[in-house]
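Scroll down for the structure; my scribbles are underneath it.
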Amino acid sequence: MPYFTRSQDRIDRGGKIVADIFCALLLLALGIACFGLLYGLLAFVVLEGALLAVDYVVPSSDDEPGVAVR
């Protein structure tokens, strides 16, 4: 899945970037508050990696029909 689809305009793209940065900082803050500095950073890296993997695997409307991600 591409980060930006063809149907998004400049305002949508900017909003998506700001929202993703805000959510990442919120997850980092909560991870540090709950698990401490070292384990909070580790939890943040693992969680962000999982979210990016799911975002990569989920198809979008811009993908070709019948194409599968392996």
Side-chain angles (χ1 to χ4, degrees):
M1 175 177 178
Y3 190 72
F4 298 123
T5 60
R6 292 184 190 129
S7 62
Q8 290 177 325
D9 60 2
R10 187 174 183 178
I11 294 174
D12 289 337
R13 292 177 183 199
K16 185 174 183 179
I17 291 172
V18 170
D20 286 348
I21 291 171
F22 176 75
C23 289
L25 291 175
L26 183 64
L27 287 172
L28 179 62
L30 289 173
I32 291 173
C34 292
F35 302 118
L37 184 61
L38 180 63
Y39 290 115
L41 288 173
L42 180 65
F44 172 74
V45 169
V46 169
L47 183 61
E48 284 296 317
L51 291 173
L52 289 172
V54 167
D55 194 35
Y56 176 75
V57 173
V58 173
S60 72
S61 59
D62 289 341
D63 293 337
E64 295 292 327
V67 176
V69 176
R70 294 179 189 218

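For the numbers below, each heavy atom of this structure counts, side chains included, while hydrogens, waters and symmetry mates do not.
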What's the spacing between [X] [atom1] and [Y] [atom2] if we round to 0.5 Å?
X: L27; Y: L30; atom1: CG; atom2: CG; answer: 6.5 Å
X: L38; Y: I32; atom1: CG; atom2: CD1; answer: 10.5 Å
X: L26; Y: F44; atom1: CG; atom2: CZ; answer: 10.5 Å

Legend entry - Heavy-atom closest pair, residues Q8 and R13: O-NE, 3.5 Å
Inset, instruction - Please report the shortest heavy-atom distance between Y39 and F35, naming the atom on each side. - result: CB-O, 3.5 Å
